[in-house]
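So the structure is just underneath, and the comments pick up after that.
No hydrogens, no waters, no symmetry mates; every other heavy atom, side chains included, goes into these values.
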Amino acid sequence: MKKVFVFLLLFFGLAANAIVIKGGIHYTVETARQEAFSKVKYSIPMDEHKKYLSDPGFSRDKNGKTKIRKFGRFVTFFSDGEYGVFSMRTGFAYFYDKNGKLYALMKKQQLNYPLLVPKYDTNGKLIEVMYKVKPQNTYVYGADKSYKGHWLGDNFYDTNGNLKYKRSTKYFYN
């Protein structure tokens, strides 16, 4: 009887102390680079994007200050004065310089993380690849596969870990 009691005590005692192990994928600069460039397209057709060469929501007031009109769209402002506009119609994000001229566009390749997000110039050639492993964690590479930096939240850090850009996203509606 003692053996059964000790066995049950040990069995239930050990079961109550079990540890749940959580797993996940850990990315380094190199593993993220390999994943990002394994599925990227190096060029895209630009015919459907010609009408976005100038931002239709861009204007300047009488004092020369930039104004971005409200069209029911997501706008991300960068600390260097450039901005991006996500078009719900096309599914692309369009990036404009301080004068409202298109310099790049990008589109997510899938909906689940990790996300592959290639960025193309106005000729449809690949200029950058972003590999978003979590909502607030993105590795950035040049078209030549060189590591450019890392977005952590709304801050971009260069290869030396120095803060280079900040961004803020807003949704404008009618």
Please list every donor-acceptor pair under 3.5 Å in which a side-chain atom of residues 93-102 meets a protein atom from a residue at least two apart or in another chain.
from: Y94; atom 1: OH; to: H49; atom 2: ND1; distance (Å): 2.7
from: Y94; atom 1: OH; to: T90; atom 2: OG1; distance (Å): 3.2
from: Y96; atom 1: OH; to: Y52; atom 2: O; distance (Å): 3.0
from: D97; atom 1: OD1; to: N99; atom 2: N; distance (Å): 2.8
from: D97; atom 1: OD1; to: G100; atom 2: N; distance (Å): 3.1
from: D97; atom 1: OD1; to: K101; atom 2: N; distance (Å): 3.0
from: K98; atom 1: NZ; to: D80; atom 2: O; distance (Å): 3.4
from: N99; atom 1: OD1; to: R60; atom 2: NH2; distance (Å): 2.6
from: K101; atom 1: NZ; to: S54; atom 2: OG; distance (Å): 3.1

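- Separating the CE atom in M130 from the NZ atom in K148 is a distance of 8.5 Å, to the nearest 0.5 Å.
- Atom-to-atom distance recorded for E82:CD and F77:CZ is 13.0 Å, nearest 0.5 angstrom.
- For T76 against R167, the heavy-atom pair with the smallest separation is CG2-CB, 3.8 Å.
- Checking H150 against D158 by side-chain atom types alone, no donor-acceptor pair falls below 3.5 Å.
- Distance check, rounded to the nearest 0.5 Å: NZ of K166 to CG of D154 gives 9.0 Å.
- A 4.5 Å side-chain heavy-atom check between V140 and Y147 finds every atom pair outside the cut-off.
- Note on F86: it does not cluster hydrophobically with M106, by side-chain heavy-atom contacts below 4.5 Å among ILVMFWY residues.
- Taking the side chain as every heavy atom from C-beta outward, L152 and Y157 approach each other to under 4.5 Å.
- Y120 and E128 share no donor-acceptor pair across their side chains, judged by distance under 3.5 Å alone.
- With rounding to the nearest 0.5 angstrom, the NZ atom of K125 is 4.5 Å from the OG atom of S43.
- L116 is listed as a side-chain neighbour of V129, based on a closest heavy-atom distance under 4.5 Å.
- Hydrophobic cluster membership is shared by L53 and V85, with clusters built from Ile, Leu, Val, Met, Phe, Trp and Tyr side chains linked at under 4.5 angstrom.
- If you take CG on N63 and NZ on K65, they are separated by 9.0 Å, rounding to the nearest 0.5 Å.
- A donor-acceptor pair under 3.5 Å links the side-chain atoms of D55 to the main chain of G57, judged by distance alone.
- The two residues K119 and A104 come nearest to each other via the heavy atoms CE-CB, 3.7 Å.
- In the hydrophobic clustering of this structure, Y165 groups with Y103; members are Ile, Leu, Val, Met, Phe, Trp, Tyr whose side-chain heavy atoms approach within less than 4.5 Å, directly or through other members.
- Summarising the geometry of M46 relative to T122, their closest heavy-atom pair is CE-O, 3.5 Å, with the distance given to 0.1 Å.
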Does I44 form a side chain to side chain contact (heavy atoms under 4.5 Å, CB included) with L105? I'd like the steps, not just the answer. CA-CA 10 Å; I44 60 169; L105 63 148; 4.1 Å; yes
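- Residues forming a side chain to side chain contact (heavy atoms under 4.5 Å, CB included) with K145 (at least two apart in sequence, or on another chain): R33, F37, Y42.
- Separating the OG atom in S168 from the CZ atom in F78 is a distance of 9.0 Å, to the nearest 0.5 Å.
- The shortest distance between side-chain heavy atoms of F58 and Y83 falls below 4.5 Å.
- Among Y139, Y141, Y27, the single residue meeting the ring-ring contact (aromatic ring centres under 6.0 Å, His included) criterion with Y131 is Y27.
- Closest of all the heavy-atom pairs between K164 and S79 is O-OG, 4.3 Å.
- Using a 4.5 Å cut-off on side-chain heavy atoms (C-beta onward), V40 and L126 make contact.
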